[in-house]
Amino acid sequence: MSTPRAGTTGTIHTDVLVIGSGAAGIAAALKAAHQGHSVVVVEKEKYLGGTSAISGGWAWVPGNKQGVAQGDTRAEVETYLRHLAPDTLNDEMVATFLDEVPEAMRFLEEDAGIAVKYADKAPDYQMDAPGARESGRAVTFEAADGRMLGKDRLRVQPYLMSYTVYGYMPEIGKDIATFLTANQNVRDFLYATRKVTRTWIETLLFKRSFTRTNGNALMTRMITAAREAGIRMWTSTRAAELLTGPDGVVTGVRLEGEHRGVVEARLGVVVAAGGFSGNAELRKKYFPHDPHGDNHTTPTIGHQGESYRLAQPLGGHIDAAPHQPASWGPVTVFQGMRGQKRWFPHLRAFGLPGLIAVDREGIRFANESLSYHDYGVEMLKNDAGREKTFGWIVADHKAMHKYGIGYAKPWPFPQALFTSSGYLTRAATVAELAQKIGVPAANLQRTLDEFNEGAARGVDPKFHRGSNKFHHFKGDMTHTPNPNLAPIDKGPYYAVKIEMGDLGSYAGLAVNTRNEVLDERGHGVPGLYAVGTAAVSVFGGGYPGYGANIGPALVFGHMVGRDIAGHAAERTRAASTGASRRRHPAAATA
């Protein structure tokens, strides 16, 4: 039996302890609290919400009421998922996930009061695959007013600032589409100006703006619901060690930090502390492209392998079955205005007309309108065996003026803001740009000539960019003849470096269909659960669509919160039966 170490400040008793305050952890906490259980959530970071709070805030949940109304079928979903991971899909986990979606979504909307937004369009990421759908599987969440959090208004993880427009985070959908055209007509410019100005005023007066969008809206709503349910949420508090009883059942956790001490959890412990993409030692072992721990960067919050560290002494181990060990995303790393390290994940930007990506040889190697995950897979293939994984987004003056490149905003924002930080490289000619970024000038010019010839006609013979509805969704739907293609032929020219990043690991703690952590013998560790990116991905290394991390996090978190008391009762009955038989041996043979 593990016992508390000397120097702790006391013992707290609760029914359920949740480690981690992202979508998975709060979903588990909310459902457990609605079942009548007392719940404590501990978060090692300063803020609540984790990576979920800086995400796009989508959830891929096929079988939701919109999809059902549109005629989506389970057979189509299974066909699509099997196409993405034919050899590594866990059929049992997929079946459990799909079984649970309807109830989990009903609970979130009706019982927890989380306002879901059903988008008109949210295409699956591989629209050419069998079973793909244009809508009905991915949902997002209504914008929230931070004042609903009361005194906890400033406790939610702030946005990834490089992803905002000077503090304002455009909401996915019409809002962000209007921002993209703010430099093209007066009405949209005034709209964007009002949003940004209001953000500045509220930040100046109240330390943070009230409007919360995307993943921040989701977590603002979930944390508000958790407050209303009486859930205790402790930040700057690290789970140092899992505690077990003499029968091996996990009974609680020893904590360090602001709430140093011991929490005893009568029903069990839920680990939702994220994955391991921020841990160089684990990346060396599980990310083939990063054998030395220096060829990967992550914008995720707190994904340092805490979930594995906690479970490993009890036999918990990483299930590396997914054919991709993480959900990939190209990232630019640069310096902020005060010299701090900053990240910009390129989740959409370089599927726009007039932008392409090239490798160190100045050659295109993939369709830039693929999803960030699928493009990352191609990037890893292209650089396999090379010392580093990187490439360059390239654009001309027309695209830079109209769209910008990711963090580098378009006219009328001054380019010096982005060149001075090292984010953006500018050159008068293609040859000069090639020299500045270190690629062969002849190759880069040949690549542009080849691309431009097709782009002028609205086609991409090499990679078929702009050939399906998902590509178009990432592009500029007002641009013709192809929303994703335009020639790159007007100087000056620009480049932004991209490296390999992620949105969370897909390899994770091995779990069964109850989300119990498995030991090395394949047995569930009693009283211990893992959800979210702490656990192995349900999709076997495929990335089906918007919210492929948050969808399972919400669904499996809900399931664990619902079932945890029943599992504890099973253990009690089993222990009682075993004790009875030990006292009365004849009963076993009667």
Side-chain angles (χ1 to χ4, degrees), residues 24 58-63 72-101 104 124-133 137-138 274-277 282-283 285-289 303 307-308 316-329 370-381 470 500 502-518 522 529-557 559:
W58 290 85
W60 199 78
V61 281
D72 193 12
T73 67
R74 180 158 177 159
E76 287 179 296
V77 177
E78 291 172 342
T79 296
Y80 177 62
L81 290 174
R82 199 165 290 114
H83 175 83
L84 302 186
D87 300 320
T88 55
L89 199 68
N90 185 323
D91 290 331
E92 285 189 314
M93 289 298 291
V94 168
T96 301
F97 171 66
L98 296 178
D99 287 345
E100 296 290 335
V101 165
D124 285 335
Y125 282 179
Q126 293 196 19
M127 281 300 296
D128 295 328
R133 301 276 299 193
R137 292 177 179 171
F276 61 83
S277 55
L282 290 173
R283 290 201 312 268
K285 186 173 181 180
Y286 295 106
F287 287 10
H289 69 281
H303 287 223
S307 301
Y308 170 72
H317 58 283
I318 300 293
D319 181 346
H323 67 81
Q324 297 297 325
S327 52
W328 307 123
L370 293 173
S371 76
Y372 39 87
H373 174 74
D374 293 324
Y375 194 86
V377 172
E378 296 303 315
M379 194 170 167
L380 290 171
K381 289 179 183 176
F470 172 70
M500 187 47 57
D502 71 281
L503 281 71
S505 47
Y506 266 2
L509 286 171
V511 295
N512 58 23
T513 55
R514 302 188 345 167
N515 277 93
E516 293 172 317
V517 173
L518 298 179
Y529 304 83
V531 290
T533 50
V536 63
S537 170
V538 64
F539 300 129
Y543 202 113
Y546 292 97
N549 285 328
I550 289 181
L554 294 173
V555 171
F556 287 130
M559 186 181 77

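Side-chain atoms of N90 come within 3.5 Å of backbone atoms of E92 as a donor-acceptor pair (strictly under, hydrogens ignored). Checked by atom type and distance alone, the side chain of Y286 never pairs as donor or acceptor with a backbone atom of G508 at under 3.5 Å. Side-chain atoms of T88 do not come within 3.5 Å of backbone N or O of P322 as any donor-acceptor pair. The backbone N or O of S505 lies less than 3.5 Å from no partner atom in the side chain of T533, so there is not a single donor-acceptor pair. Judged by distance alone, the side chain of S277 and the main-chain N or O of G504 form no donor-acceptor pair under 3.5 Å.
In this structure Y80 satisfies the ring pair (Phe, Tyr, Trp, His ring centres under 6.0 Å) test with no other residue, sequence neighbours excluded. The side-chain contact (heavy atoms from CB on, under 4.5 Å) test applied to T96 returns E100, T513, F556, M559, not counting sequence neighbours. For E516, the side chain to side chain donor-acceptor pair (under 3.5 Å) partners are N512, R514, not counting sequence neighbours. For E378, the side-chain contact (heavy atoms from CB on, under 4.5 Å) partners are A366, L370, K381, not counting sequence neighbours. For D91, the side-chain contact (heavy atoms from CB on, under 4.5 Å) partners are R82, L89, not counting sequence neighbours. In this structure H289 satisfies the ring pair (Phe, Tyr, Trp, His ring centres under 6.0 Å) test together with F287, H296, W328, sequence neighbours excluded.
Distance check: L84 CG to F539 CZ gives 9.0 Å after rounding to the nearest 0.5 Å. A distance of 5.0 Å separates CG in L503 from OH in Y543, rounded to the nearest 0.5 Å. Taking CD of E76 as the reference point, atom CD of E78 lies at 11.0 Å (rounded to 0.5 Å). Rounding to the nearest 0.5 Å places CH2 of W60 at 11.5 Å from OH of Y125. Summarising the geometry, atom OH belonging to Y546 is positioned 9.0 Å from atom OG belonging to S371; distances are rounded to the nearest 0.5 Å. One distance of note links CG of D319 with CG of L518; it measures 8.5 Å at 0.5 Å rounding.
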**Item:** Worked check of side-chain contact (heavy atoms from CB on, under 4.5 Å) between V77 and R137
**Value:** CA-CA 9 Å; V77 177; R137 292 177 179 171; 3.7 Å; yes
**Request:** Go through R74 and D99 one step at a time and tell me if the side-chain contact (heavy atoms from CB on, under 4.5 Å) criterion holds.
**Result:** CA-CA 10 Å; R74 180 158 177 159; D99 287 345; 2.6 Å; yes
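Residue A320 comes nearest to A507 through the heavy atom pair CA-CB, 4.1 Å, listed as atom of the first residue, atom of the second, then distance. Taking each heavy atom of D124 and G131 in turn, the nearest pair found is OD2-O, 4.5 Å. Scanning both residues, V538 and P552, for their nearest heavy atoms gives CG1-CG, 3.8 Å. Nearest heavy atom pair, residue G274 against residue S307, reads O-OG, 2.9 Å. Here the closest heavy-atom approach between residue G316 and residue L509 is recorded as C-CD2, 4.2 Å. Taking every heavy atom of both residues into account, G63 and V101 meet most closely at C-CG1, 4.0 Å.
Proximity of L98 to V94: side-chain heavy atoms (C-beta onward) are separated by under 4.5 Å at one or more points. For the pair P62/F97, a side-chain contact is recorded, criterion being any heavy-atom separation below 4.5 Å from C-beta on.
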